[in-house]
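Owing to the predicted nature of the structure, the values given are computational and were not obtained by experimental measurement.
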Amino acid sequence: MFSPVESRRLYRQVADQIRLMIASGELAVGQRLPAERDLAEQLSVSRPTVREALIVLEVEGLVNIRMGSGIYVVRQHAATVTGAEREPVEGAFELLQARALIECAIAEEAAGRATPDDIALLDETLTRMGGVVNDAIAVLDADRAFHTGIAAIVGNATLIRVTGEIFDMRMTPYFARLASHFEGPTTWRSALDEHRAIRDAIAAGDAAGAKAAMRAHLTMSQKRFSESFGEEFSEEEERGRDKRPAKGTTKT
């Protein structure tokens, strides 16, 4: 049971808890961890918090996340992790929430300032992005260019820098591992469509529409990272789950 703290603190506490379970042998090497939903219930936290904690443990080499199968313990003690590889203070969801607060306001302001040349630059970026959805590095670079390009329309150097710096906070092994599970050509095509909606609202001078489109895009980004790891259970396991007493009840 964890005391109420900031989300970023909570997922690190959860990682510590599971790390101790592995180090003590409670979770043995080769063993499959309980399902994400069961861990969340056991530790009294949300499933996204558990998901962020498991990504930290995978970067450390303690577990292996096999999409559609489950999470398996692969070693008892974490590999040595360099400073650059340590998980960031902020979790993925906290970062996306911050981006929504800042970039929605930027998009709203950009809609009242955009020139035809500005829209042409956004179009070039979108065309580039559409051609590299199968290249994880190149599409991420185009994604960054689109978001910083909107900030550039406002013409404020601080906003351009802050937008780029917040985006770059995902350029870590932690976020790369998270993205490897939840991002791909299909999700990038969806993001591209969302970008086009933002571009169209800015081009039309629709401030409210641009703000709403940016919020919708970053909300969908959070939802994409909120997908489960897709653990599958055998028929026997599912029957066992169905027979468990509901929380707060006892067997008679």
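Residues Ile202 and Ala107 approach most closely at CG1-O, 4.1 Å, considering heavy atoms. Residues Val63 and Val74 share a closest heavy-atom pair of N-CG2, 3.8 Å. Heavy atoms only, all atoms of each residue included: Pro34 and Leu27 are closest at CD-CD2, 4.3 Å. The minimum heavy-atom distance between Tyr11 and Val56, with the atom names listed, is CE1-CG2, 3.6 Å. Closest heavy-atom contact between Leu159 and Thr163: O-OG1, 2.7 Å. Nearest heavy-atom pair, Asn134 versus Pro185, reported as atom, atom and distance to 0.1 Å: OD1-CG, 3.2 Å.
Applying the ring-ring contact (aromatic ring centres under 6.0 Å, His included) test to every pair with at least one member in residues 17-37, sequence neighbours left out, gives no pairs at all. Within the structure, side-chain hydrogen bond (donor to acceptor under 3.5 Å, both in side chains) pairs that include any residue of residues 100-111 comprise Arg99-Glu103, Glu103-His147, Glu109-Arg113 (at least two apart or interchain). Applying the salt bridge (Lys or Arg N to Asp or Glu O under 4.0 Å) definition to pairs two or more places apart or across chains, those involving residues 132-147 are Arg128-Asp141, Arg144-Asp168.
Looking at heavy atoms from C-beta onward, Tyr72 lies in side-chain contact with Arg66 at the 4.5 angstrom threshold. Contact check for Phe175 versus Leu95: side-chain heavy atoms found under the 4.5 Å cut-off. Side-chain contact check for Arg12 versus Glu52: every heavy-atom pair is 4.5 Å or farther apart. Using a 4.5 Å heavy-atom cutoff, the side chains of Ile71 and Asn64 are not in contact.
Under the 4.0 Å criterion applied to side-chain N and carboxylate O atoms, Arg75 and Glu58 are not assigned as salt-bridge partners. Checked for salt-bridge contact, Glu183 and Arg224 miss the test: no charged N lies under 4.0 Å from a carboxylate O.
Atoms CD and CG, on Gln17 and Leu39 in that order, are 10.5 Å from each other to the nearest 0.5 Å. Summarising the geometry, atom CG belonging to Asp206 is positioned 12.5 Å from atom NZ belonging to Lys211; distances are rounded to the nearest 0.5 Å. Note: Asp118 CG to Thr115 OG1 = 3.5 Å, rounded to the nearest 0.5 Å. Between Thr219 atom OG1 and Leu96 atom CG the span is 9.5 Å, to the nearest 0.5 Å. The CD atom of Glu60 sits 11.0 Å away from the CZ atom of Arg177 when rounded to the nearest 0.5 Å. Note that the CG atom of Leu121 and the CD1 atom of Ile150 stand 12.0 Å from one another [nearest 0.5 Å].
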For this session: Evaluate side-chain contact (heavy atoms from CB on, under 4.5 Å) for Val73 paired with Leu62, printing each intermediate quantity in order.
Result: CA-CA 6 Å; Val73 179; Leu62 285 171; over 6 Å; no
For this session: Start with the C-alpha gap between Arg170 and Leu140, add the side-chain angles, then the distance that decides, and say whether side-chain contact (heavy atoms from CB on, under 4.5 Å) holds.
Result: CA-CA 10 Å; Arg170 65 165 288 168; Leu140 195 60; 3.5 Å; yes
For this session: Using the side-chain contact (heavy atoms from CB on, under 4.5 Å) rule, take Leu122 and Ile153 through it: C-alpha gap first, then chi angles, then the decisive distance, then the call.
Result: CA-CA 10 Å; Leu122 292 182; Ile153 293 173; 4.0 Å; yes
For this session: Kindly determine whether Arg37 and Glu41 satisfy salt bridge (Lys or Arg N to Asp or Glu O under 4.0 Å), including the steps that lead there.
Result: CA-CA 6 Å; Arg37 55 185 171 182; Glu41 182 177 339; over 6 Å; no
For this session: Could you go through the side-chain contact (heavy atoms from CB on, under 4.5 Å) check for Met129 and Trp188 one step at a time?
Result: CA-CA 9 Å; Met129 186 175 180; Trp188 280 117; 3.5 Å; yes
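Checked against side-chain contact (heavy atoms from CB on, under 4.5 Å), Glu26 has the following partners two or more places apart in sequence or in another chain: Met21, Ser24. Residues passing the side-chain contact (heavy atoms from CB on, under 4.5 Å) test with Ala53 are Val14, Ala15, sequence neighbours excluded. Take Phe146 and apply the ring-ring contact (aromatic ring centres under 6.0 Å, His included) test, not counting sequence neighbours, and it matches His195.
Under a hydrophobic-cluster definition in which Ile, Leu, Val, Met, Phe, Trp and Tyr are linked whenever side-chain heavy atoms come within less than 4.5 Å, directly or via other members, Val29 and Ile65 are assigned to the same cluster. No continuous path of hydrophobic side-chain contacts links Met220 to Leu192 [ILVMFWY only; heavy atoms under 4.5 Å]. Criterion: ILVMFWY side-chain heavy atoms under 4.5 Å apart, direct or through other members. Under it, Met171 and Ile102 are part of a common hydrophobic cluster. Under the 4.5 Å side-chain heavy-atom criterion for Ile, Leu, Val, Met, Phe, Trp and Tyr, Ile106 and Val162 are members of the same hydrophobic cluster. Two different hydrophobic clusters hold Leu218 and Ile160 under the rule that ILVMFWY side chains link at heavy-atom gaps under 4.5 Å.
Counted by atom type alone, Ser46 and Thr49 present one or more donor-acceptor pairs between their side chains at under 3.5 Å. In the model, Asp193 has no side-chain atom that pairs as donor or acceptor with a side-chain atom of Ser190 under 3.5 Å.
In this structure, Arg32 contributes its side chain and Ser69 its backbone to a donor-acceptor pair below 3.5 Å.
Around CD1 of Ile137, the count of heavy atoms belonging to other residues, nucleotides or ligands within 6.0 Å does not exceed 12.
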